[in-house]
Every structure is written in C-alpha cells, then in structure tokens.
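Here the structure is laid out as structure tokens; the discussion comes afterwards.
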Amino acid sequence: MTSLPSSVDVAIIGAGAAGLGAAHALHGSGLSVIVLEARDRLGGRAWTVQASPEVTFDVGCGWLHSANKNSFVPIARQLNFEINTDLPPWGDRAFGDVFPEAERKDFVLALDAFYERVWEAAEKGTDAPAADYLEPGNRWNPMIDAVSTYVNGCELDQVSLLDFEAYEDTYFNWRVRAGYGTLIAAYGAPCPIALNCNVTLVDHSGKRIRLETSQGSLEAGAAIVTLPTDLIADEAIRFSPALPAKLDAARGLPLGVDDKVTLALEGAEAFPKEGNLRGATMRTAMGTYHIRPFGQPCIEGFFGGSFARELEDAGVGAMAAQSIDEIAGLLGNDIRRKLKPLYESRWAHDPFARGSYSHALPGHAGDRALLAAPVDGRMFFAGEATSPNFFTTAHGARDSGERAAREVVAILSKP
Ligand SMILES: Cc1cc2nc3c(=O)[nH]c(=O)nc-3n(C[C@H](O)[C@H](O)[C@H](O)COP(=O)(O)OP(=O)(O)OC[C@H]3O[C@@H](n4cnc5c(N)ncnc54)[C@H](O)[C@@H]3O)c2cc1C
C-alpha cells in the first residue's frame, strides 16, 4: 500500500478493474499517479473469497465474457493464471427432470425470437423498453424476464432496447480457476494504491484539482473517476462546482442488482460437475444454480433484479435460505441436510458499490458516451458503465480505464 502524497499529476478514484486499467496504462508515461481506494482491498466488484477450504468463490465477476476479445485473457496468461474453457452451465444443459429437454428447446426458441425482434427494432434506431418486444401472452415471458435480471440486473421494462442491442457478446465464456477477483487483484498489485482512502470531494474550482479524502487532501493535475454510477448519481462523491450533466448521465445508467450465494454440498460426487439447475420456469423471481463449479463440493445460486433486491432487504441468510428451499423443491427434501450456507453477496447494500452493474434506462442509451466524456480537459471518467459495448463487465471496465488514461496522456503531454 502506498501512503497518500500531497500532490500528483493524476489521481485515479477507485481501484476496481477500471482504475487498475488506467494505472497500468499510465505506467511509464512519466506522470506521477496515485489510485485512491475507499475499501481495504483492491478489485471493487471483482472479489474472490475462500468460502471454505474446498470452495473458492467469486463474490462478484466470475466469467471472462467475450473471452476471445477480453483483455483480461492475455493478462491472465501473462500472470500464469490457469484459464478454464469449459462450457458455461447456462444454455442447453440442465440437471434432473424439472426442466426437460423439449421444454428447454421451446424456451430457447422463444428467447431467440425475442432477441430477433429486439434486434429488428434496434435497427430502426428508436429507443423503447426492451419489454415492449415480448410476445404478448407467450408462456416463456417470465423466464425471458428472469434472464434479463441475470444479464442486466433488472427486468426488461427498465432496459433500453438500443443499449441492450449495443452489448457485444461473442459467446465465448471462460473462467479463471483461482478466481476472477484473484486475477484482478494480482493485476493491480504493482500499482500505486492508497487503500482505506474514501474520496468525498473533487474540487475543480482552482488551477489544480483538490481532492478531499478520509486520509486528508491532495492536489492533482487531472483526475480519473471510476466510481459505480449510483455513487455518482447519489452524490456520495461531490464535485465542486457541480457537474449536473454527469449526475444526469449516471442517473440514466443505474446499477441493477445481481447476487450470488454458495452452499457447501455434502456427498458432492453424486452430482454432476458443472451442472445447471433451473426449475421454476414460469416466474421471474427465481434463482439459477450452478452445481459443482470446477468440480468443487458446492452449489452456487444466482439471483437478479427486484427479487435479488428483496432477498438482500430480507437480511443476511435470506438468499441461502431461499436457495435451499428452491433446490429442495426441485430435487426433493433429502437434499436439505446436504446443503450448508457458506457465503452470499449483498452488492446493493455494499456502500462502495450500491448495486451490481449498470443498465441504460429506456431513452438513455446515449448516456454511456455522456458519462465517458472528459470535463475541462482534466477530469476523466471510466468504469464499466462508460464502456460502449462491454458495459457490465470487468474487461469493459478495464478497457475504459485504459481509454481514460490515453485521454489524460494526450492532454497532459501537450506543450
Ligand atoms: C454478482 C456480480 C456478478 C458479476 N459477474 C460478472 C462476470 O461474470 N463477468 C464480468 O466481466 N463482469 C461481471 N460482473 C461485473 C464486474 O464485476 C464489474 O463490471 C466490474 O468489476 C466493474 O469494475 P469498475 O472498475 O467499473 O468498478 P468497481 O469494481 O466498482 O470499482 C470502483 C472502485 O471505487 C471504489 N470507491 C467507491 N467509492 C469510492 C470513493 N468515494 N473513494 C474512493 N474509492 C471509492 C470502490 O470501492 C471500488 O473499488 C459482475 C458483478 C457482480 C456484482
């Protein structure tokens, strides 16, 4: 950990994937840099924990989405992290009889037809809630909406059609055996970072930017802000003079909620490795389960949207209890005594995240570019929400940090 300097060329606010991407890109530029991080760890929404001696658990990001275009893949290789390319559990696999193959195929057809309608509508260029393109009365609508809660963190009525279509999915989804959070922490380790350093004010009224933090104040020639959108929108960090256009853009890109839980599984050998369990197919408020990720003796649950928010609000343990009830409903009551809660996330209640990842509200697809735009040639913005095509992801966040660093270098290196 680096102590707080009194003056730097560039202050980066936040040591998540975006802030670390910016710090790496500024290395060797000749500019002095400090990353200011409120937490006592780096990684932000990327965080791996050892949930038990046998279970490594990514509390936040876990998948190297669009892996063939994901900038963390070459970084993982360079840092000697083992990459796992097994197929993800979603898609066409399911464990047990609760969601038979014929039903799954029917669902996938309905989902594909929905995506096709969204694509055609987006081609016309007018925004609308993505929910408008659900086929009225289709039996699979609640489950299509559940998929939206997993990928967008919210239901389709809150999702901009144009933003949804702008996301680039190459359908390669890989993983890091040691955890995505572990990889990102290792990537950030060489960077100059002040931990436990909560930035409360960015005063850009003077010649140099003054930042007030929980560890005192410092001056900087430029600042790169990488905070999650809800923290900007709620003014958890204050700009002086105020930046109303940034607040508006952040409000157009609220964070949805996605949460994960891991349960220890006794007698795991009787269950398939990398299995998928999804049973309550006719409603949106349901979990989806990953059986024995990497062959570990556990089941991971994933919840999204308003259901995830409700479970968080119900208190610690509610998500694990819901998972056990739901799994017992699918596989029989005997499994209850084999499952033991190990760890669950609470991203909406996390004071330095306040949610999981951003989605553009209908009519706000353009807000990603507005949030990303520099101010006065000395305040720069990065973070997953500013990524044009890889928003919601860790690699999109990292790339956005690199983009902001290039903007800084282009401006600060001008005579
Ligand atoms: C449950 C879940 C599952 C996910 N799954 C995936 C996945 O499979 N694949 C994928 O690619 N992505 C996934 N994501 C998304 C991914 O984790 C994020 O998009 C990415 O990590 C965001 O990086 P960031 O740098 O933009 O923001 P953050 O990681 O949030 O970094 C911002 C940093 O700023 C710090 N901060 C906040 N306020 C202050 C302050 N006032 N002063 C100083 N520091 C401050 C925070 O502590 C944080 O460290 C998932 C996220 C969640 C929550």
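Ligands are counted one by one from 1 in listed order, and the atoms in each one are counted from 1 as well. Positions are given from 1 along the sequence. Every heavy atom of this structure was used, including side-chain atoms; hydrogens, water molecules and symmetry mates were not.
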With a heavy-atom distance limit of 4.0 Å, tell me whether [X] approaches ligand 1 through its side chain, its backbone, both, or neither.
X    : result
L20  : neither
D58  : neither
T213 : neither
Y357 : side chain

Hey, are R210 and S240 close enough side-chain-wise for a donor-acceptor pair under 3.5 Å? no
Tell me, which pairs form a side chain to side chain donor-acceptor pair (under 3.5 Å) where one or both residues lie in residues 392-410, sequence neighbours left out? N70-H395, S71-R398, S71-D399, Y187-R398, T386-R403, T393-H395, R398-E402, R403-E407
[atom] [closest protein heavy-atom partner, distance rounded to 0.1 Å]:
atom                    : value
atom 27 (O) of ligand 1 : R45 NH2, 3.0 Å
atom 40 (C) of ligand 1 : N198 OD1, 3.3 Å
atom 26 (O) of ligand 1 : E384 N, 2.9 Å
atom 8 (O) of ligand 1  : W63 N, 2.8 Å
atom 42 (N) of ligand 1 : V199 N, 2.9 Å
atom 49 (O) of ligand 1 : E37 OE1, 2.6 Å
atom 11 (O) of ligand 1 : A394 N, 2.8 Å
atom 14 (N) of ligand 1 : C61 CB, 3.5 Å

Would you mind running through ligand 1 and noting each atom that sits below 4.0 Å from a heavy atom of [X]?
X    : value
R39  : 46 (C), 47 (O), 49 (O)
C197 : 42 (N), 43 (C)
G383 : 26 (O)
G16  : 25 (O), 29 (O), 31 (O), 33 (C), 49 (O)
T226 : 32 (C)
G43  : 29 (O)

Indicate yes or no: does an N/O atom of [X] lie under 3.5 Å from an N/O atom of ligand 1?
X    : answer
I13  : no
F302 : no
S345 : no

Name the orientation class of the two ring planes belonging to F164 and F114 (parallel below 30°, tilted from 30 to 60°, perpendicular beyond 60°). tilted
Parallel, tilted or perpendicular, as decided by the 30° and 60° cut-offs, for the rings of F172 and W174: perpendicular
[X] side chain to [Y] main-chain N or O, any donor-acceptor pair under 3.5 Å?
X    : Y    : result
S66  : T170 : yes
K246 : A373 : yes
D127 : L161 : yes
E82  : R177 : no
D58  : G181 : yes
S214 : N196 : yes

If the contact criterion is a heavy-atom separation under 4.0 Å, does L42 count as touching ligand 1? no
Verify whether the ring centers belonging to F391 and Y167 lie closer than 6.0 Å. yes
Heavy-atom check, side chain of L218 versus side chain of S6, under 4.5 Å: no
Salt-bridge present (D203, R238; N to O < 4.0 Å): no
